[in-house]
Amino acid sequence: MSNTCDPAMRDLEANVPSLKRTLAERMLGTLKWWVGILVPFGVLGLAGWILPLPFVMEVLIFSIYTMACNFLLGRLGFISFGQPAYLAAGAYGTAFYLYYFGTDPYMGIVAGVLAGFVVSALAGAVFVRLRSDYFALVNLALTVIVFYMLQKVLAPITHGDNGLWFLDRMRNTPVLDITNPRQLALLIWLVAVALWAFYKYIDGTIFGACCLATKTNEDKVKFLGYNDFAIRWTGFVLANTTAALAGSLYGIYFGFVSPEMASAARAADPVVVTILGGTGTLYGPLVGALAYVGMKDLVSRLVGNWEFFVGLLLVTVMLAGEKGIWGTLQPIAQRWVGRWVSESRE
Amino acid sequence: MRDVPWSGTGSDGADTKALVVEGLDVSYGDAKVLFGVSLRVEEGQLVACVGRNGAGKTTLLRTIAGFLRPSAGRIRYGDVDLVGWKPYEIARLGIRYVQQDKRVFSDLTVRENLELASYATGDRNWDIVFHYFPKLKELLDRKGGYLSGGERQMLMIGRALLGNPKVLLIDEPTEGLAPSIVELLRDVFRELKKSSSVVIVEQNLPLVADVADKVYAVKEGRIAAEISDAQAIKGHAYEQYL
C-alpha cells in the first residue's frame, strides 16, 4: 500500500527508514502504474478503429459491469446474483430522466448513477449483514422483485415489456456529443479507463486492504478497531453504483431500456465473466468481458448455442487452476516480459 | 454508535486504569459457560489464566473484547463500563485482542497487515514492532498466508502493539510454536508489561510461572484460585487445574 499512492500512508516511509525508496524507484513505480492502465485500454481503444464499434462498446460496458462484480467477489468475498437489479436501476434512472424530464444525456447518466446509489445504499444496509449463500440468494430475490416491478407493478410508467424508447429524445451535447456513436464510444472508453484507474487506486489504499481483510477474517478487522459493517457497506455501494453506471451507459448506447435487463436469467452473467477473467485481478473484468462478448458475437455467428461454449470455457478455466484466463496468463506474461527485458539489457 | 477516538497513543501514564471483571456470567444459547467470574488486572501487570480446554478461558477473553455479551456482570476499564460496546469500539479504547487461531490476513503482505493497524491507530512508527520482532522487517513483502506459525504469531502480536495499547488480551500465544519462538515470546512478555497491562491465556506452565504477576486458575467456568504472591506463582501446582 505504501508502495502506491495512499496519502494517509505516505509518511510511513518517513517514519520507518527501512521502507524508504529512492526517487528512481518511486518514479519507476508511478510509471508502471500508469502503463498498466493505459496499455490494455489503449490497445482496445485502437481496436475500435479495426473491430466493429458496437462490439468494442459492448466489451467496454460489460467490463465496467464486471468490475463491480469483481470488486464484490474478489475484494469483499460477496458472490452476488443481484447485479441485474443494480444494472437496471442505473438504466431506468437514465431512461426515466430522458423519457419524462429532460433531454441532456449527461444528466441522464447522473440520474442513473444516483438511482443506482440509492438502491444499493438501501439494499446494502440490510444485505451486507448476511454472508455467502444468504447474500447471494437475497440479491437474486431482489433481481426478481425489480424485474416484476418494472414489468408489472410500474408498467404505467415503464411501459412493461415494451420498454422505454428515448433515442430520439437525446439532444446533441457540446464538446463530446454522445448522441454520435463514435463519440459515445470515446466517452465509454474514458469512463472505463477512469474506473479501472479508480479501482486500481482503491486496491492500494487502506480501504482496499480493509475490504480484503474483511473477506479473510472480519473478526480480526474488528480487533484492529475498524467498523466492519461500514467497510462492507461502502464496498457494496461502490460496486453496485458502478454496475448502475454500466446500466446507464447501456441505456444511452441503445436508447432503449426494458425489464429484460433485470431478468434473473442473466443474473449469473457477471459472476461467470468475473470468474472467467480472473476473480480479484485488475485485468480480469476486461479479459473476461472480451472473452464473453467475443463468444456471444463471434461464436453465435457460427453456431446457435454460444452459451455452450462459454460453459465449456468456464469449466476448462476452472480445471486449469481456478485463476481465470488472466490469472493463468499473468505469470506467463510476466515471464515473457522479464525475459524480454533481460535480453534487451544484454 | 459511540465515537471512540483511538486512546492508546499518547498515554502519559497519569491516569492509572485497571481492567476489572465482576461477576461475569456468559452463555452460548442455553449452555452457561462462565459463572460469576471476577478478576482484576492492574496497570502494568501481566495476568495469566490457566485451565484445561473448555474451562472458559477463551470465552472470558472474547467477552472482554466485546464479542460476547454477558448475561450478568460488569467489565470495567477505568471508569468505563465496557458491556454493550462493540469489538471495534473496545479496540479503539486501547484494549487489543490477539486470537488463538494464528490466522493473519493471508492475502495481505506483512507490510499491509501492519499498515492496517497503523491506520486504525494513527501510529505510523513501527520501531516497537521491529524492536520486539526484528524478523518481521525481512518479511515485509511476504503474504500472510506464506508465514510460519511463529512468524504469524509475531505479526499478530506486533500488529496489536501499534498504537501503544493499554491492555493486551492474548489467547494461547505459545501453542504449537517451536521452543525458540516460545523463548522469544517469554522475553517479549517480560518487556511488554512495562508499557501495557497484559492478560494471557496459557497452558505453558513454566512460561506462566516465569512471567505472570498474578495467575487465575479457571475450572469449569469458575475462578478456582487466584495466586498473586510471587513465590506462590513460581511454586504453585497448576497441574491440578489442567
Side-chain angles (χ1 to χ4, degrees), chain A residues 1-21 25 29 71 73-77 125 129 202-233 278-282 323 327, chain B residues 1-8 62 65-67 86-99 101-109 111-127 129-130 134 136-138 140-141 143-145 156 159-160 162-163 165 169:
Chain A
M1 284 172 289
S2 54
N3 283 332
T4 59
C5 42
D6 185 4
M9 298 308 294
R10 271 186 199 144
D11 57 343
L12 256 178
E13 293 182 5
N15 284 312
V16 188
S18 62
L19 301 182
K20 261 186 186 158
R21 291 179 300 154
E25 283 171 331
F71 188 78
L73 191 54
R75 286 277 143 183
L76 287 162
R129 295 173 197 277
I202 288 276
D203 266 1
T205 62
I206 285 293
F207 173 68
C210 278
C211 290
L212 206 53
T214 308
K215 175 188 168 190
T216 315
N217 192 330
E218 63 188 82
D219 279 356
K220 284 205 167 71
V221 174
K222 294 178 199 168
F223 299 150
L224 289 177
Y226 290 102
N227 182 342
D228 60 314
F229 171 79
I231 293 167
R232 290 200 305 268
W233 183 83
T279 309
T281 62
L282 280 164
K323 291 176 181 172
Chain B
M1 192 186 296
R2 273 170 288 271
D3 183 20
V4 188
W6 180 262
S7 58
R62 285 179 66 82
F67 273 85
K86 293 188 172 69
Y88 69 87
E89 293 172 331
I90 292 173
R92 286 179 190 177
L93 199 65
I95 299 175
R96 310 292 292 273
Y97 178 38
V98 179
Q99 272 177 307
D101 62 9
K102 296 184 183 56
R103 279 164 54 195
V104 292
F105 301 124
S106 53
D107 291 336
L108 302 180
T109 61
R111 181 197 305 271
E112 289 168 335
N113 269 276
L114 291 173
E115 282 178 359
L116 273 183
S118 271
Y119 193 76
T121 59
D123 180 4
R124 281 141 173 73
N125 189 341
W126 295 358
D127 286 347
V129 181
F130 297 145
L136 288 180
K137 213 172 187 174
E138 301 159 21
L140 278 174
D141 293 318
K143 285 207 170 183
M156 286 173 66
R159 216 168 45 186
L162 289 170
L169 310 168

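Lettering follows sequence order; numbering is per chain, from 1. Quantities reported herein were computed from a predicted structural model and do not represent experimental measurements.
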When rounded to the nearest 0.5 angstrom, what is the spacing between [atom1] in [X] and [atom2] in [Y]?
{"X": "B/Glu89", "Y": "A/Asn227", "atom1": "CD", "atom2": "CG", "answer": "8.0 Å"}
{"X": "A/Lys222", "Y": "B/Tyr97", "atom1": "NZ", "atom2": "OH", "answer": "12.5 Å"}
{"X": "A/Ile206", "Y": "B/Glu112", "atom1": "CD1", "atom2": "CD", "answer": "8.5 Å"}
{"X": "A/Leu212", "Y": "B/Asp107", "atom1": "CG", "atom2": "CG", "answer": "4.5 Å"}

### Query
Looking at B/Lys86 and A/Asp228, does any basic side-chain N land under 4.0 Å from a carboxylate oxygen?
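Salt bridge absent between B/Lys86 and A/Asp228.
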
### Query
Is it the side chain or the backbone of B/Val104 that comes within 4.5 Å of chain A heavy atoms, both, or neither?
backbone

### Task
For A/Thr216 and B/Leu108, run side-chain contact (heavy atoms from CB on, under 4.5 Å): C-alpha distance rounded to whole Å, both residues' side-chain angles, the deciding distance at 0.1 Å, then the answer.
CA-CA 9 Å; A/Thr216 315; B/Leu108 302 180; over 6 Å; no

### Query
Going through the distances and angles, do A/Lys220 and B/Asn113 end up as a side-chain contact (heavy atoms from CB on, under 4.5 Å)?
CA-CA 11 Å; A/Lys220 284 205 167 71; B/Asn113 269 276; over 6 Å; no

### Query
Where is the tightest heavy-atom contact between A/Ala209 and B/Leu116, given as atom of each residue plus distance?
CB-CD2, 3.9 Å

### Task
Applying side-chain contact (heavy atoms from CB on, under 4.5 Å), run through B/Phe105 and A/Val221 and close with a yes or a no.
CA-CA 9 Å; B/Phe105 301 124; A/Val221 174; 3.9 Å; yes

### Query
Does the ring center of B/Phe67 lie less than 6.0 Å from the ring center of A/Phe223?
yes

### Query
Does B/Ala120 offer a backbone N or O that forms a donor-acceptor pair with the side chain of A/Tyr226 under 3.5 Å?
yes

